Amino acid sequence: MSEFIMAQQNGRNIPLEDKVFGINRLAKEMIAEKGKEAVMNATIGALLSDSKDLVVLSSVVEVLKNLEPADYAEYAPIGGTPEFRTAIKKAAFGKYKPNCFTEAVATPGGTGAIRNAIDNYSKIGDQVLTSDWHWANYDSVANEMGRSVVTYNLFDGEDQFNIAGLKERAEELLAKQESLVIIINTPAHNPTGYSLTLEDWDNLLKAVKGTATPDKKVTLVVDVAYIDFAGDPDEYREFLPKLENLPSNILPIIAYSASKTFTMYGMRCAAMICMTPVKEIAEEFVRVCQFSSRASWSNCTRASMVVLSKIYEDSTLLAKVDQERSFYCDLLLKRGRAFAEEADKVGLRIVPFDAGFFASIPCENSDEINKKLQKEGIFLIPLKKGLRVSIASITEKECRELPAKILAAME
Ligand SMILES: Cc1ncc(COP(=O)(O)O)c(C=O)c1O
């Protein structure tokens, strides 16, 4: 029997409250009761300053404040304004100039890009492949559209990227499916902070090429939601040329979001960008993705598209935005290093970490440990395989204090 009164379940698992928002609410309640100093809220997936305010790039706000009414009142074309489509490709690719067909379609956040990719490049009932540690919303998005998520272990026994596991699962799925969507979230993966190395990428692409026989289709969704908070932006884009001109039955789609990069989380600004050696595949990409957009959210927020276009049309302004972001990126990297160093010092095992908003601690009984920590005013997110810490929302000092406290709660 369905748990719903009027609504239809349609095979979906719909919790009463989103886990992250639920725990965040508990943290806020404790702050209201005991004060700010008594609580360490490491649940939020947004970058907060050391005084716990949301970091908002003032150079972006300035552009936003100077928009004309028509910039935000008018509908945007379904796939995004032409200026935006050019700007977002520049933002995603940086200095790299792809030597293949690339097309961008606007989406409301990286979430929309992932949604449209699954919708158009897998069949209803298909299984989508990603790693065991993954952003929980992949499950919801797939589930909502009658697909499900299957995982491989992200790391092997030596804590290396588990290419054999990925290959094995991909082969299993392609034995029963005509097409396969693989989601790779890198760099600064949520929830572990892991970034694929260039060698990982070579191994991954070799495995995918070996698996995608000419009668099969593989779509590689590269979710780069945190690419501009991982470190040097050029260095972290060095993998992109490897995606150029793969066999035509392997389609890389970059899910590039302005949520973190331009601190426009609420403006719902992003794009899905395809990279293919075949012009017709790029044209088809625009056609099918625009159709899905029209049928779900229709068009995206024009104001954010104009903001991004203006930034990329003015090199002085772009330099200002990049410089401001770089300051906050350094702040975040320091927090990450502090957390990893301290974990190492006290002997707390963490999942291989490189950079970004999150780090994770592997453990079996994450719910239990999390509840213990909550009693001490420490709020983390319990996952199936461990605990997620948002280093983006706590100070460097707290990052240094936290590992010992987690270890104590685990003992
Ligand atoms: C791994 C990952 N991908 C994509 C997103 C999408 O965010 P948005 O839809 O705001 O761009 C998030 C946001 O938390 C994320 O953590």
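Just follow the structure's listing: the first ligand is 1, and inside any ligand the first atom is 1. None of these values were measured; they are calculated from a predicted model.
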Problem set entry | Donor + acceptor pair across side chains of N116, S293 (<3.5 Å) | yes
For this session: For atom 9 (O) of ligand 1, find the nearest protein heavy atom and state the residue, atom name and distance (0.1 Å precision).
Result: T111 OG1, 2.5 Å
Exercise. Backbone or side chain, does any N or O of Y138 fall under 3.5 Å from an N or O of ligand 1?
Worked result: no
For this session: Please confirm whether the backbone N or O of R12 pairs with a side-chain atom of N10, one donor and one acceptor, at under 3.5 Å?
Result: no
Problem set entry | Taking every non-hydrogen atom, the tightest pair across I114 and A255 | CG1-CB, 4.5 Å
Exercise. If you take all heavy atoms of C399 and I391, which pair is closest and at what distance?
Worked result: SG-CG2, 3.8 Å
Problem set entry | Short N or O distance, G110 and ligand 1, threshold 3.5 Å exclusive | yes
Exercise. Hey, which atoms in ligand 1 end up nearer than 4.0 Å to a heavy atom of R268?
Worked result: 8 (P), 9 (O), 10 (O)
Problem set entry | Shortest protein heavy-atom distance from atom 16 (O) of ligand 1, along with the residue and atom involved | Y226 OH, 2.6 Å
For this session: Name the closest protein heavy atom to atom 14 (O) of ligand 1, giving the residue it belongs to and the distance to 0.1 Å.
Result: K260 NZ, 3.2 Å
Exercise. Any luck finding a side-chain donor-acceptor pair between S140 and N143 under 3.5 Å?
Worked result: no
Exercise. Considering only protein heavy atoms, which is closest to atom 2 (C) of ligand 1, and at what distance to one decimal place?
Worked result: D223 OD2, 3.4 Å
Problem set entry | Interfacing atoms of ligand 1 (cut-off 4.0 Å, heavy-atom, G109) | 8 (P), 9 (O), 11 (O)
Exercise. Any donor-acceptor pair under 3.5 Å linking the side chain of N249 with the backbone of K216?
Worked result: yes
Problem set entry | Atom indices of ligand 1, in the order listed, that fall short of 4.0 Å to a heavy atom of N185 | 1 (C)
Exercise. Which protein non-hydrogen atom lies closest to atom 10 (O) of ligand 1, naming both residue and atom, and how far is it?
Worked result: S259 OG, 2.7 Å
Exercise. Can Y121 and D126 be counted as having a side-chain donor-acceptor contact under 3.5 angstrom?
Worked result: no
